[in-house]
Amino acid sequence: GSGDGQGQILQRFPEKDWEDNPFPQGIELFCQPSGWQLFPERNPPTFFVAVLTDINSERHYCACFTFWEAVESPQPQSHARNGEGEEEEEEEEASAPVQPAQLFAPKSLVLVSRLDHAEVFRNSLGLIYTIYVDGLSVSLENVIGNLLTCIIPIAGGSQ
């Protein structure tokens, strides 16, 4: 086809909406404003932060880290007949599939926050990307839980 497609959410944390912070609807459209397209070559990863404002005028900072993964072509292409040569050769050419060129599809990691900390977002998404690409046997749920968890000491208490 044209190489255009639709984005879909493969995994999200938390899995269910929090009452005070619902999941942004249509985030998959936001991640790829130019559309979900296949490319003949792997592009370098990109990162951007945008601000979404909800109905209550509250800001949500959306950090988007996009990288490209190799995908298999949905169907092999066949040689077209050129009208030259013997009929046998034409029949072989018409039925012989051409190896499709390698195509690359975008995949995005998105972090939505009410806080404006672009560099922290970039580093966090970069860490998740590295774990994913290197195929480390670490649960993404644990990584994300560790990134989001912090201990705040009580004022005047021990450090």
Item checked: Contact summary for V71 and A105, nearest pair of heavy atoms -> CG1-CB, 3.6 Å
Notebook entry, point to check: When rounded to the nearest 0.5 angstrom, what is the spacing between OG1 in T46 and CD in Q32?
Noted result: 7.0 Å
Notebook entry, point to check: Which atom pair, heavy atoms only, marks the closest approach of Q102 to A70?
Noted result: NE2-CB, 2.9 Å
Notebook entry, point to check: Would the number of heavy atoms belonging to other residues, nucleotides or ligands and lying under 6.0 Å from CD of Q11 be above 12?
Noted result: yes
Item checked: Separation between CG of L127 and CD1 of I131, rounded to the nearest 0.5 Å -> 4.0 Å
Item checked: Which atom of T66 lies closest to which atom of S108, heavy atoms considered -> OG1-OG, 2.8 Å
Note to self: Applying ring-ring contact (aromatic ring centres under 6.0 Å, His included) as the test, list every pair that has at least one member in residues 106-129; sequence neighbours left out.
What the structure shows: F65-Y129, F67-Y129
Check: Knowing that exactly one of L52, V49, L111 qualifies, which makes a side chain to side chain contact (heavy atoms under 4.5 Å, CB included) with C62?
Finding: L52
Next item on the list: Determine, step by step, whether K107 and L10 satisfy the side-chain contact (heavy atoms from CB on, under 4.5 Å) criterion, reporting the C-alpha distance in whole Å, the side-chain angles of both residues, the deciding distance to 0.1 Å, and the verdict.
Entry: CA-CA 10 Å; K107 189 172 233 181; L10 300 177; 3.7 Å; yes
Margin query: I need the full list of salt bridge (charged side-chain N to carboxylate O under 4.0 Å, His left out) pairs touching residues 41-61, with sequence neighbours left out, sorted by first then second residue.
Written below: E58-R114
Notebook entry, point to check: Would T130 and L136 count as a side-chain contact (heavy atoms from CB on, under 4.5 Å) if you check the C-alpha gap in whole Å, the side-chain angles of each, and the deciding distance to 0.1 Å?
Noted result: CA-CA 9 Å; T130 301; L136 301 178; 5.7 Å; no
Item checked: Exam field: side chain W36 to backbone C31, donor-acceptor pair closer than 3.5 Å -> no
Margin query: If hydrophobic clusters are built by linking Ile, Leu, Val, Met, Phe, Trp and Tyr wherever their side-chain heavy atoms come under 4.5 Å apart, do L147 and V120 end up in the same one?
Written below: no
Notebook entry, point to check: Given a cutoff of under 4.5 Å between side-chain heavy atoms of I, L, V, M, F, W and Y, with clusters grown through shared members, what are the other residues clustered with W68?
Noted result: F39, F104
Notebook entry, point to check: Cluster question for you: counting only ILVMFWY and a side-chain heavy-atom cut-off of under 4.5 Å, with indirect links fine, are L125 and V133 together?
Noted result: yes
Item checked: Donor-acceptor pair, side chain of S113 and main chain of L115, under 3.5 angstrom -> yes
